[in-house]
Amino acid sequence: MASIEFQNVTKSFGKNVVIDHLNLTIEDGKFTVLVGPSGCGKTTLLRMIAGIGPQTSGKVIIGGKDVTQIQPGKRGVAMVFQNYAIYPTMSVRENIEFGLKNNRVPKEKRSQIVAEVSEKVGLTEYLDRQPGTLSGGQRQRIALARAMVKDPSVFLMDEPLSNLDAKLRVQMRVELIELHQKLRTTFVYVTHDQVEAMSMADTIILMNGGVIQQMASPAEIYKDPANLFTACFIGSPSMNIWKMAGDRFSFGFRPEHCTLTFDPQPTFLCIPGRVATREMLGSETIYKFVSADGRECMVKEMADTYHVNDEVYLNIPEDRAYLFAADGSRIRTGDPDYAPDLAAVKEEIPHEEESA
């Protein structure tokens with residue numbers, strides 16, 4: 001196992017600076033997920049750890065050792081790609097032991113390692129099969145097994161599940177979580193999918209424009225977003241955001257934290273309006289609500305109670321409200337602007353009074 005540290009790291013492509021003077025520590029033995037939109041710099045970070053896209057300046061330290069000038073193959077890391085990178089003409093066994101052969105590991109030792117690794121990833125019965133006869137999930141396990149035989153201190157995974165169908169992605173997420181629990185090795189996983197990040201990570205590093213927006217546990221990053229970008233990126237549907245006071249600040253609330261009712265309720269905001277759309281998704285229903293003055297938001301409820309054009313009230317509790325400054329930074333309880341801005345929300349949005 002090994003921690004990973006970036007010390008004042010910059011990465012440029014010509015005059016384009018992708019990462020600028022980054023300082024970051026990834027904890028030893030944790031499942032850390034780098035997440036963010038395309039082009040945010042997450043894969044660039046992964047490649048710098050691997051040494052296949054070295055930094056322009058600064059240091060990368062793995063397990064306390066400066067690997068800045070060390071070749072990729074000698075860094076003690078193993079990388080799993082989204083396209084599997086397996087040899088189609090070799091059997092599963094030959095694919096797994098390929099690196100061991102190159103390193104001149106004796107045949108008896110190779111057989112032992114292949115047997116142990118195959119058992120861990122559920123490939124024992126497929127060792128004599130060709131990759132082309134296996135499913136996408138099984139081929140992904142071959143790629144994992146090839147990485148595991150190196151006994152790396154760090155596993156690097158670049159969107160390894162993106163080529164799988166939705167059902168198989170869910171299954172493989174569970175398998176990767178279980179694999180990490182068995183190995184207790186440092187995992188660094190790149191994805192653009194916030195569901196993968198939330199379901200798998202011990203720690204999420206959310207990036208945008210080469211800058212870390214927030215680094216926290218899934219629970220903290222969801223419940224206590226540091227800024228507007230984080231609040232909107234994490235959560236499905238995205239957090240509802242209403243611009244207030246001529247764009248001086250924003251008022252936010254999550255679709256699952258508000259409710260619809262036919263009668264007014266004594267909440268912080270009880271806003272009259274109607275149901276514009278309804279998406280029944282099985283265990284939950286997502287409604288689009290439009291207020292009497294034209295404000296729109298999404299509401300997620302477990303019950304399938306309302307129909308399009310029903311006249312309803314949107315109820316938002318005060319303890320579920322989020323405030324953000326014009327620059328996107330969070331306005332928290334205790335900040336000088338918090339109480340006045342919360343009062344401004346109530347003043348600006350037409351609503352039923354609590355006594356109603």
Side-chain angles (χ1 to χ4, degrees), residues 1-4 28-32 46-47 49-53 60 62-65 67 69-164 168 171-190 200:
M1 296 192 293
S3 62
I4 303 165
D28 179 17
K30 298 292 187 180
F31 198 132
T32 298
L46 201 74
R47 291 171 63 85
I49 298 170
I52 57 179
V60 175
I62 300 177
K65 181 180 181 181
V67 299
Q69 304 300 326
I70 295 180
Q71 295 177 351
K74 297 180 179 180
R75 292 191 175 200
V77 304
M79 196 157 182
V80 179
F81 298 92
Q82 59 181 289
N83 62 358
Y84 315 135
I86 55 181
Y87 300 106
T89 58
M90 295 182 181
S91 68
V92 172
R93 185 192 309 277
E94 289 168 335
N95 264 284
I96 296 172
E97 69 176 0
F98 181 78
L100 299 174
K101 276 187 175 180
N102 281 352
N103 290 331
R104 296 192 172 95
V105 176
K107 184 176 181 180
E108 187 176 330
K109 182 66 174 176
R110 289 203 310 267
S111 298
Q112 177 189 340
I113 293 172
V114 170
E116 290 174 355
V117 169
S118 300
E119 178 67 25
K120 286 179 180 176
V121 298
L123 285 175
T124 303
E125 62 184 289
Y126 305 105
L127 286 174
D128 296 319
R129 297 266 295 271
Q130 297 297 116
T133 67
L134 303 181
S135 69
Q138 289 163 337
R139 290 198 295 274
Q140 188 56 267
R141 290 193 199 115
I142 298 172
L144 285 167
R146 282 186 54 179
M148 288 169 64
V149 298
K150 299 179 181 179
D151 194 24
S153 57
V154 175
F155 279 88
L156 306 176
M157 303 185 184
D158 187 10
E159 305 208 42
L161 308 185
S162 61
N163 289 336
L164 306 181
L168 193 50
Q171 178 187 332
M172 288 300 295
R173 285 205 303 262
V174 173
E175 291 184 10
L176 282 173
I177 293 168
E178 291 176 343
L179 180 62
H180 177 256
Q181 290 171 346
K182 287 179 186 176
L183 301 178
R184 304 312 304 176
T185 305
T186 304
F187 276 34
V188 184
Y189 186 105
V190 161
M200 300 172 73

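When a residue number appears, it is its place in the shown sequence, counting from 1. The figures here come from the full heavy-atom set of this structure, side chains too, leaving out hydrogens, waters and symmetry mates.
- Considering all non-hydrogen atoms of both residues, P131 and P88 come closest at CD-O, 3.9 Å.
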For residues 121-129, tabulate all N or O donor-acceptor pairs below 3.5 Å that involve a side-chain atom, not counting sequence neighbours.
unit_1	atom_1	unit_2	atom_2	d
T124	OG1	E119	OE1	3.4
Y126	OH	Q138	NE2	3.2
D128	OD1	R93	NH2	3.3
R129	NE	T133	OG1	3.1
R129	NH2	T133	O	3.2

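- For the pair E175/L144, no side-chain contact is recorded, criterion being any heavy-atom separation below 4.5 Å from C-beta on.
- Heavy-atom minimum distance, K30 versus H180: C-NE2, 3.5 Å.
- Applying the salt bridge (charged side-chain N to carboxylate O under 4.0 Å, His left out) rule to pairs touching residues 94-113 yields E97-K101, E97-R110, sequence neighbours excluded.
- Atom CD of Q112 and atom CG of L100 lie 11.0 Å apart (nearest 0.5 Å).
- A pairwise comparison of heavy atoms in T186 and G29 identifies OG1-N, 2.8 Å as the closest pair.
- Here OH of Y189 is found 9.5 Å from CG of D158. Values are rounded to the nearest 0.5 Å.
- The shortest side-chain heavy-atom distance between L46 and M79 falls under the 4.5 Å cut-off.
- Looking only at side-chain heavy atoms (C-beta outward), L161 and L176 come within less than 4.5 Å of each other.
- Heavy atoms only, all atoms of each residue included: P152 and M148 are closest at CD-O, 4.0 Å.
- The side-chain heavy atoms of V92 and R141, taken from C-beta on, include no pair separated by under 4.5 Å.
- Evaluation of the ring pair (Phe, Tyr, Trp, His ring centres under 6.0 Å) rule for F155 yields F187 as partners, not counting sequence neighbours.
- Between V77 and I4, every side-chain heavy-atom pair lies at or beyond the 4.5 Å cut-off.
- Expressed to the nearest 0.5 Å, how far CG of N95 lies from CD1 of I86 amounts to 5.5 Å.
- Between the side chain of R75 and the backbone N or O of I70 there is at least one donor-acceptor pair closer than 3.5 Å.
- What you find for A2 and I62 is that their closest heavy atoms are CB-CG2, 3.9 Å.
- The side-chain heavy atoms of R146 and V117, taken from C-beta on, include no pair separated by under 4.5 Å.
- Here CZ of R184 is found 11.0 Å from CG of L179. Values are rounded to the nearest 0.5 Å.
- Scanning both residues, G136 and L168, for their nearest heavy atoms gives C-CD2, 4.2 Å.
- Between I113 and D151 there is no side-chain heavy-atom pair separated by less than 4.5 Å.
- Between Y87 and F98, the ring planes lie tilted relative to each other; the angle falls in the 30° to 60° range.
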